[in-house]
Novice: 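The structure under discussion is supplied below as structure tokens; questions concerning it will follow.
Convention: sequence-line order gives letters A, B, ...; per-chain numbering from 1.
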Number of protein chains: 2
Amino acid sequence: MSAPSPTLHSNCSDCPIRHRAVCARCEADELAELEEIKYYRSFEAGQTIIWSGDRMNFVGSVVSGIATLAQTMEDGRTQMVGLLLPSDFVGRPGRDGAAYDVVATTDLVMCCFRKKPFEEVMVRTPHIAHRLLEMTLDELDAAREWMLVLGRKTAREKIASLLSIIARRDASLGQGKASERMVFDLPLTREAMADYLGLTLETVSRQMSALKRDGVILLEGKRHVTIPDMSRLMEEAGDDSDGGFLV
Amino acid sequence: MSAPSPTLHSNCSDCPIRHRAVCARCEADELAELEEIKYYRSFEAGQTIIWSGDRMNFVGSVVSGIATLAQTMEDGRTQMVGLLLPSDFVGRPGRDGAAYDVVATTDLVMCCFRKKPFEEVMVRTPHIAHRLLEMTLDELDAAREWMLVLGRKTAREKIASLLSIIARRDASLGQGKASERMVFDLPLTREAMADYLGLTLETVSRQMSALKRDGVILLEGKRHVTIPDMSRLMEEAGDDSDGGFLV
DNA sequence: CGGTACTTTGAGTTTTGTCAACGAGGGTGG
DNA sequence: CCACCCTCGTTGACAAAACTCAAAGTACCG
């Protein structure tokens, strides 16, 4: 159960998220300034990185691994409100308390900055503020897209939407463009999928079975998914046939 | 049906949203630069300001009036994803196409900037980018809060949540702090409420009746609402008894 | 092997949506 | 001034979707 070494990637120029994280637009001198205040932290799969309501004394970027942002009601109902992938930013400059639980779903490494120094650097480094604005606008779009899924889609459409989002993300990270056939591993349990989609895990399971029965997806084991026809999946998701989400 | 004159507030220093809009942090010289490229546009209640998918050639701030952001699926299902109040920003620097329909629900005045010049000003004016980041982070929080409502709350809780948000907003705009008893007019039809909450208008109507029957709210006519006990409403909304949404 | 966590499936219930009829209020034109 | 119309809202009966509870099945790990 050992987490990755916290001293990995100690040099920004070798960093795997260098070109996509909040520091993406930084020049060499700006990067050097960040480099001085950064430190790495590792988390194990299942570990809670931040508890909602906690005082946040750092912000940072996910370097590797996956985490979820979730809200929980008093009676235990939970809704995931975001997925954090490598290069995504955690924390909010200018606010002290965390608004959500952040949980590592895989082993995870974060590149952290103490909040105060980071805020100071940000004030004199427009490149950082500008990149963070861009990233936040993207997240806002994603959140609003998700509101349509939660508010208006059927269970079957919700599942198809989630699968198509994961497939599309994997495509952009790896196998070139979104082609007809896609293959990936689900990074989520059925319960986690349910928490994303505002469903119960039983409904998720039933709809996965239904999509499989109807040939929209192929399953090997519980997690390995093949999409034989991406446009069919998009149709099932209720998205425009010709692209759906804007990029 | 005449909309307000488009030449109102031509001077930024008299502008009613001067201290809360995207220009809030600007110094006199920065403001002068914005002043040169700005222009006002008026819209009538019910008018669509922007169609989803349209090319956006301007961005801007709501000066007065209320507008909604909505997404619509091909078959007509619609989900509202945001409410635009005076000082809120419309449009996204760095992207051409509009992602949502923007509809004026009241007569409305916007302070607009052509997108290209605004982007140029923004690059050399960190105060604008910084304020826009702050506003965008607030919107992101609101969107995520709403995701919990849409994904996990019952119809009754959804209605109570919406009412409590509207009550709280009115409180912050007018009658001092959130006291026990609150009175306001709903700015939304039952159908608009349904589109916010991911419900049908019949369910909205039934739950409004139920809340009235149970004494959680009092109704005079269809739109005038009295909340005799705010904490009772918050309880019905499923929020923490002691405040709920962070402000 | 045995246990644990995850997943699937079934049966019955609850919630919400659908379709339809009716009611209230406000404005318009005869 | 009144009748009519149109929009908005309410209510009922029924149908569909999703949830709950329960029981098994599967894969992985020690």
Novice: CG of A:Leu211 versus P of C:dT9: gap in Å, rounded?
Specialist: 13 Å
Novice: Around atom CD of B:Gln47, are there more than 12 heavy atoms of other residues, nucleotides or ligands at under 6.0 Å?
Specialist: yes
Novice: Distance check needed: C:dT7 P versus A:Leu199 CG, whole Å only.
Specialist: 15 Å
Novice: Minimum heavy-atom separation for A:Met208 to A:Leu186, with atom names?
Specialist: CE-CD1, 4.0 Å
Novice: Would you kindly give the CG-to-C1' distance between B:Leu150 and C:dT16, to the nearest whole Å?
Specialist: 15 Å
Novice: To the nearest Å, give me how far apart CZ (B:Arg190) and P (C:dA24) are.
Specialist: 15 Å
Novice: Expected output is a numbered-order residue list: members of residues 200-210 of chain B with a heavy atom under 4.0 Å from any atom of DNA chain D. What is it?
Specialist: B:Leu201, B:Glu202, B:Ser205, B:Arg206, B:Ser209
Novice: Going by an N to O cut-off under 4.0 Å, is there a salt bridge joining A:Arg20 and A:Asp88?
Specialist: no
Novice: Check DNA chain D against residues 217-228 of chain B and give the residues with a non-hydrogen atom under 4.0 Å, in numerical order.
Specialist: B:Lys222, B:Arg223
Novice: What is the separation between atom CD1 on A:Ile159 and atom P on C:dT8, rounded to the nearest whole Å?
Specialist: 10 Å
Novice: Would you say that A:Arg181 contacts A:Met230 through its side chain, given a criterion of any heavy-atom pair below 4.5 Å between the two side chains?
Specialist: no
Novice: What I want to find out is whether B:Asp214 reaches B:Arg156 closely enough, with some N-O distance under 4.0 Å, to be called a salt bridge.
Specialist: yes
Novice: How would you label the contact of A:Gly198 with the nucleic acid (heavy atoms, under 4.0 Å): base, sugar-phosphate, or nothing?
Specialist: sugar-phosphate
Novice: Calculate the interatomic distance between B:Asp195 atom CG and C:dG17 atom P; express it in whole Å.
Specialist: 12 Å
Novice: Atom NZ of A:Lys153 to atom C1' of D:dA18: distance rounded to whole Å?
Specialist: 18 Å
Novice: How long is the line joining CZ of A:Arg77 and P of D:dT20, in whole Å?
Specialist: 10 Å
Novice: Stepwise, does the salt bridge (charged side-chain N to carboxylate O under 4.0 Å, His left out) test hold for B:Arg144 with B:Glu139?
Specialist: CA-CA 9 Å; B:Arg144 286 175 166 165; B:Glu139 281 188 273; over 6 Å; no
Novice: Rounding to 10 degrees, work out the angle separating the end axes of the helix from C:dC1-D:dG30 to C:dG30-D:dC1 (five pairs an end).
Specialist: 30°
Novice: If every non-hydrogen atom of A:Thr106 is compared with every non-hydrogen atom of A:Gly65, which pair is closest and at what distance?
Specialist: OG1-CA, 3.2 Å
Novice: Taking B:Lys153 for its side chain and B:Ala237 for its backbone only, find out whether a donor-acceptor pair lies under 3.5 Å.
Specialist: yes
